[in-house]
Amino acid sequence: MTDKTYTKEDIMRIAKEENVRFIRLQFTDLLGTIKNLEIPVSQLEKALDNKMMFDGSSIEGYVRIEESDMYLYPDLSTWVVFPWVTEDRVARLICDIYLPDGRPFPGDPRGILKAALKEAEEMGYTAMNVGPEPEFFLFKTDEKGNPTTELNDQGGYFDLAPTDLGENCRREIVLTLEEMGFEIEASHHEVAPGQHEIDFKYENAIKAADQIQTFKLVVKTVARQHGLHATFMPKPLFGVNGSGMHCHQSLFRGKENAFYDENDKLGLSATARHYMAGILRHARAFAAITNPTVNSYKRLVPGYEAPCYVAWSASNRSPMIRIPASRGLSTRVEVRNPDPAANPYLALTVMLKAGLDGIKNKMQLPPPTDRNIYVMTEEEREEQGIPSLPLDLKQALDELLRDDVICEALGDHALAHFYELKEIEWDIYRTQVHAWEREQYMTLY
């Protein structure tokens with residue numbers, strides 16, 4: 001998003017000029033769901049003075065009922081008036097969560113990412129730049145407006161209308177995002193029918209996570225206006241590619257890209273190699289955060305372009321980490337396993353902390369894997385030291401608890417609540433009887 005600095009007075013003035021009637025004070029719960037407290041414009045000044053309180057006990061992963069009072073501190077740089085015009089115009093501010101005693105709330109995902117970035121800064125890195133690529137599906141809705149399982153097109157990778165019937169909707173999403181300050185680099189139909197991708201320019205990590213949340217809101221809103229349902233579910237349909245959220249990332253020291261070394265054969269600095277080694281070392285543990293649902297692991301299977309194996313390459317797209325061709329300021333690492341169900345603040349936190357651990361401990365990067373890993377046998381993968389990502393959410397949660405670095409990145413509060421919520425999710429799934437089981441066993445036994 002374009003870098004704008006607003007003062008309290010600027011926001012009060014714009015709200016009046018634009019006839020804004022309501023303001024959404026937005027924040028994100030532990031599972032990555034956007035929450036908001038909507039206030040009338042008469043309360044805007046109070047909100048800008050950090051005096052707006054809410055009940056944290058009703059938010060997933062926040063606090064118990066006996067300690068529920070929390071404050072919303074708006075980040076003034078996130079002010080935007082929503083471009084969809086209604087009779088009562090609505091604006092939003094993204095907020096950090098604070099406790100009544102003035103301390104940042106330790107379970108606030110945005111605050112957790114800020115703490116990780118502070119550690120990077122103490123190590124001399126002034127910015128973590130992130131270019132996310134969240135994919136989504138568009139489904140038709142029924143006469144009541146509920147989503148069906150019928151896709152709105154049968155298009156494929158880079159197809160055009162009339163095959164890509166989502167083109168008009170996608171174009172309107174792009175225009176809406178641009179009105180809200182996004183710099184859109186490309187939009188296209190993805191590999192699977194009904195699947196789409198819109199790429200926006202990289203930003204610093206906090207803004208990138210804010211953008212992902214705003215992006216999801218815009219996509220769902222515009223899709224609904226077109227009579228469609230947009231979903232960021234990682235694998236909504238069997239037999240086609242799932243939706244990923246590849247995260248391109250690099251560390252900067254001032255204006256210098258710390259990942260670039262012109263004297264290296266691949267143009268990668270020692271810092272970049274240590275960072276990647278850290279990502280690979282902790283990948284099985286942070287998968288619980290970057291791939292946080294039961295459904296996430298239906299995407300991470302061979303044959304559908306999603307990475308299942310913990311490896312890297314400068315060209316091959318089957319490993320988890322790829323190095324895009326651009327060099328100089330654009331040198332970056334593309335981590336391909338995250339999906340758009342992830343809480344973006346927590347996902348960026350755990351990847352950053354894994355990379356920083358690699359740098360701190362000068363971890364050695366294993367050799368690149370330039371063969372197609374999908375066609376390698378299990379013995380060949382073992383021989384080359386290529387582990388798999390977890391096979392399901394339960395495995396991922398077990399790996400998470402065994403990794404002190406990733407646990408520390410989340411902090412005690414977020415870790416305990418996240419683990420508890422996900423354990424419940426796994427147990428409900430594990431004990432549920434699914435349609436597949438009835439199809440397989442009802443007449444057989």
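Note that the numbering runs from 1 along the sequence shown for the chain.
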Criterion side chain to side chain donor-acceptor pair (under 3.5 Å) against Asp357, the qualifying member of Arg281, His274, His282: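 Of the listed residues Arg281, His274, His282, the side chain to side chain donor-acceptor pair (under 3.5 Å) partner of Asp357 is His282.
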Which one of Asn291, Thr290, Asn337, Asp339 satisfies the side chain to side chain donor-acceptor pair (under 3.5 Å) criterion with Ser296?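 That would be Asp339; it is the only one of Asn291, Thr290, Asn337, Asp339 passing the side chain to side chain donor-acceptor pair (under 3.5 Å) with Ser296.
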Mutual orientation of the aromatic rings belonging to Tyr429 and Trp426 [parallel < 30°, tilted 30-60°, perpendicular > 60°]: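 The arrangement is tilted - the two ring planes meet at 30° to 60°.
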Where do Asp10 and Arg13 land on the salt bridge (charged side-chain N to carboxylate O under 4.0 Å, His left out) test, with the steps shown first? CA-CA 5 Å; Asp10 289 335; Arg13 175 180 51 77; 3.6 Å; yes
Check side chain to side chain contact (heavy atoms under 4.5 Å, CB included) between [X] and all other residues, then give those that pass, not counting sequence neighbours.
X: Asn36; answer: Arg24, Gln26, Glu38
X: Glu423; answer: Tyr419
X: Glu256; answer: Arg253

So, using side-chain hydrogen bond (donor to acceptor under 3.5 Å, both in side chains) as the criterion, who are the partners of Glu122 when residues are at least two apart?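 Partners of Glu122 under the side-chain hydrogen bond (donor to acceptor under 3.5 Å, both in side chains) test: Lys118.
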With sequence neighbours excluded, tell me which residues meet side-chain hydrogen bond (donor to acceptor under 3.5 Å, both in side chains) with Thr176.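 Checked Thr176 against side-chain hydrogen bond (donor to acceptor under 3.5 Å, both in side chains); zero matches.
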If you count every heavy atom of other residues, nucleotides or ligands that lies below 6.0 Å from Arg21 atom CZ, does the total exceed 12?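 At most 12 heavy atoms, drawn from other residues, nucleotides or ligands, come within 6.0 Å of this atom.
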Does Tyr73 have any ring pair (Phe, Tyr, Trp, His ring centres under 6.0 Å) partners at least two apart in sequence or in another chain, and if so, which?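 In terms of ring pair (Phe, Tyr, Trp, His ring centres under 6.0 Å), with neighbours along the sequence ignored, Tyr73 is linked to Tyr98.
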Testing Phe137, Phe136, Phe215 for ring-ring contact (aromatic ring centres under 6.0 Å, His included) with His196, which one passes?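 Answer after filtering Phe137, Phe136, Phe215: Phe136.
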Do Phe259 and Tyr275 have their ring centres less than 6.0 Å from each other?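 Between Tyr275 and Phe259, which both carry aromatic rings, the centre distance is below 6.0 Å.
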To the nearest 0.5 Å, what is the distance between CD on Gln213 and OG1 on Thr33?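 So the gap between those two atoms works out to 8.0 Å.
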First locate atom CD of Gln249, then atom OH of Tyr202, and finally report the distance between them rounded to the nearest 0.5 Å.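 So the CD of Gln249 and the OH of Tyr202 are separated by 14.5 Å.
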Is there a donor-acceptor pair closer than 3.5 Å between any side-chain N or O of Arg92 and the backbone N or O of Leu25?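 Pair absent, no side-chain N/O of Arg92 close to backbone of Leu25.
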Which heavy atom of [X] sits nearest a heavy atom of [Y], and at what distance?
X: Ile173; Y: Val219; value: CG2-CG2, 3.9 Å
X: Ala258; Y: Thr271; value: O-CB, 3.5 Å
X: Leu251; Y: Asn257; value: O-OD1, 3.5 Å
X: Thr141; Y: Gly227; value: OG1-O, 2.8 Å
X: Tyr260; Y: Gly267; value: CD1-O, 3.3 Å

